[in-house]
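One structure is given below, encoded as structure tokens.
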Amino acid sequence: MAIITEHEDNQIDQPTSRSKLKPKPKPKSKPQSKPTKKPKSQPSRATTTHNPFIFWFYFTLIVSAITFFFVSLSSFSSPDPKTWFLRLPTILKDHYSKGRTIKVQINPNEPPIEVFAYSQGPKMSENVLIIHGLGCNSFTFRKVVDELATKGLFAVAIDLPGSGFSDKTVVREREVINEGGSLGSLIEVYKEIKEKGLFWGFDNLIEKGQLPYQEVRVRVSKKEVVEPLDLGAQEVGRVLGQVVDSMGLAPFHLVLHDSALLMGANWVVKNTGLLKSVTLIDTTPRGMALPIWALEVPVIRELVLRFDSVFGKLIDSCCSKGSSVEAHRVLLKGRDGRESIVGMGRQLNESFDLAEWASMDGIKGMPMQVLWSGSWSQEWNEEGKRVADVVSQAKFINHAGGRWPQE
């Protein structure tokens with residue numbers, strides 16, 4: 001029995017000892033725990049912290065808030081004409097006091113507007129009329145006018161409509177269509193029944209199977225609307241003709257600056273008999289010196305017209321290096337001036353052919369001269385050479401100022 005018992009014990013001990021040896025290869029099972037989440041979790045954290053959509057969301061939000069702020073600020077900062085005039089710098093008030101206003105009729109079905117004119121010199125002498133380009137005004141040419149007056153000439157610089165002290169808005173009648181919708185139709189039907197009787201309504205209902213709401217007419221009413229003056233070349237020609245007649249300037253010497261050539265070229269062709277000579281000052285068929293986009297783009301236009309420093313840098317980069325930045329900015333900003341300049345800038349004739357215009361009858365034989373800024377930039381010098389080649393009959397003269405007259 002003892003032997004059997006020991007044998008059984010041995011048999012029992014053997015499997016237990018083998019079973020104890022089996023767990024040793026367990027380290028081989030460690031590779032099963034290799035797919036740890038740590039490497040994958042790190043990229044996921046990086047993607048959440050550097051998500052580009054979050055950046056663009058906040059960027060769009062900030063830009064929208066800034067745009068809304070400046071647009072709302074500009075809409076609440078348009079004083080009436082009297083308040084605007086009282087806030088003008090003294091130098092502008094002095095300029096206005098030395099000028100006069102002329103009433104002109106742009107369209108027969110519209111009220112007349114006022115055009116400001118600054119003039120100096122003896123009236124019984126040679127007359128000179130200066131037409132400024134878009135963005136500037138008669139204030140820009142005040143010293144040119146004064147200098148011409150000292151030489152015995154009667155010089156006049158006007159503010160085109162939409163610029164300077166001239167009117168920048170006009171009251172126009174616009175047709176307003178009032179359909180009234182379903183509620184308006186019901187009101188019209190009620191009025192018809194009230195006027196013609198209840199039985200008329202029943203008769204229509206029996207005969208046509210419905211109330212006569214189809215017969216309700218669209219009502220058109222007229223409403224007076226104040227709109228910015230955005231004149232084209234034809235309207236500008238009318239203004240020039242009335243100014244010349246009102247001031248008795250003919251015959252006179254005409255000076256066209258910058259984009260004024262594009263606006264007045266057709267009038268010059270039709271009225272060569274009134275002109276003694278034509279002078280072009282830094283004018284090109286490619287547009288205007290002041291970039292119109294700076295007055296169109298939201299936020300940018302508010303910054304340009306609100307701060308002297310921003311406006312001054314813009315003028316220095318494209319127009320002139322002169323002073324009185326505040327005066328130019330105030331005149332351009334006040335009384336819907338920006339809207340008028342933008343509207344007129346869009347109507348400039350971009351297909352204008354300077355060579356064809358210079359070769360027309362009445363123009364090719366007229367005394368002409370071209371005054372060109374020779375110190376502005378190399379590109380502008382090249383443009384001046386092209387203009388000189390096209391207008392070959394004109395006398396070409398370089399000056400030391402910018403594309404706008406210097407102070």
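Here the structure is a predicted model, which means the values were calculated and not measured. Just so it is clear, the values below take in all heavy atoms, side chains as well, and ignore hydrogens, waters and symmetry mates.
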Would you say [X] and [Y] make side-chain contact, with heavy atoms under 4.5 Å?
X: F252; Y: L274; result: yes
X: V268; Y: L254; result: yes
X: L371; Y: N398; result: no
X: L261; Y: L354; result: yes
X: C318; Y: W404; result: no

If you measure from the Lys or Arg side-chain nitrogens to the Asp or Glu carboxylate oxygens, is any gap between K168 and E339 under 4.0 Å?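 Salt bridge absent between K168 and E339.
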
SB check R286 E350 (cutoff 4.0 Å):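 Between E350 and R286 there is no salt bridge, as every charged N stays at least 4.0 Å from the carboxylate O atoms.
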
By salt bridge (charged side-chain N to carboxylate O under 4.0 Å, His left out) - contacts of [X] (at least two apart):
X: E235; result: none
X: D316; result: none
X: K364; result: D361
X: K385; result: E382

Could you pull out all residues at least two apart from [X] that satisfy side chain to side chain contact (heavy atoms under 4.5 Å, CB included)?
X: T169; value: V226, D336
X: S373; value: D282, S375, W376, W380, H399
X: M366; value: T272, L275, V278

Main chain of [Y], side chain of [X]: is a donor-acceptor contact present, judged purely on distance under 3.5 Å?
X: S317; Y: K313; answer: yes
X: S340; Y: P228; answer: no
X: Q120; Y: L148; answer: no
X: D94; Y: T90; answer: no
X: S166; Y: D159; answer: yes
X: R87; Y: W84; answer: no
X: T283; Y: L280; answer: no
X: K93; Y: L86; answer: yes

Tell me which pairs pass ring pair (Phe, Tyr, Trp, His ring centres under 6.0 Å) where either residue lies in residues 106-131, with sequence neighbours left out.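 For residues 106-131: H95-F116, H95-Y118, Y96-F116, F116-F165.
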
Stepwise side chain to side chain contact (heavy atoms under 4.5 Å, CB included) check, W357 with V269: CA-CA 8 Å; W357 178 80; V269 172; 3.4 Å; yes

If you round to the nearest 0.5 Å, how far is [atom2] of [Y] from [atom1] of [X]?
X: I341; Y: L290; atom1: CD1; atom2: CG; result: 8.5 Å
X: D258; Y: C136; atom1: CG; atom2: SG; result: 6.5 Å
X: S119; Y: I130; atom1: OG; atom2: CD1; result: 11.0 Å
X: L305; Y: R338; atom1: CG; atom2: CZ; result: 7.0 Å
X: L129; Y: I158; atom1: CG; atom2: CD1; result: 5.5 Å
X: I113; Y: T101; atom1: CD1; atom2: OG1; result: 11.5 Å

Side chains of N109 and R172: do they bring a donor and an acceptor to under 3.5 Å?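 There is no such pair (donor and acceptor under 3.5 Å, judged by atom type) between the side chains of N109 and R172.
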
Please enumerate all residues that pass side chain to side chain donor-acceptor pair (under 3.5 Å) together with [X], with sequence neighbours excluded.
X: R346; answer: E296
X: N349; answer: S351
X: D308; answer: R329

Please assess I102 against M247 for the test side chain to side chain contact (heavy atoms under 4.5 Å, CB included), listing each intermediate value before the final yes or no. CA-CA 9 Å; I102 304 170; M247 300 189 70; 3.6 Å; yes

Enclosure of K270 NZ (heavy-atom neighbours >12, cutoff 6.0 Å):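 Counting other residues, nucleotides and ligands, NZ of K270 stays at 12 neighbours or fewer.
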
Under the ring pair (Phe, Tyr, Trp, His ring centres under 6.0 Å) test, which residues partner F141, sequence neighbours left out?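 For F141 the ring pair (Phe, Tyr, Trp, His ring centres under 6.0 Å) partners, ignoring immediate neighbours, are H257.
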
Residue from V225, L229, D230 passing side chain to side chain contact (heavy atoms under 4.5 Å, CB included) with E227: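 Among V225, L229, D230, the one meeting side chain to side chain contact (heavy atoms under 4.5 Å, CB included) with E227 is V225.
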
Stepwise side chain to side chain contact (heavy atoms under 4.5 Å, CB included) check, M368 with K395: CA-CA 6 Å; M368 297 183 67; K395 183 179 179 181; over 6 Å; no

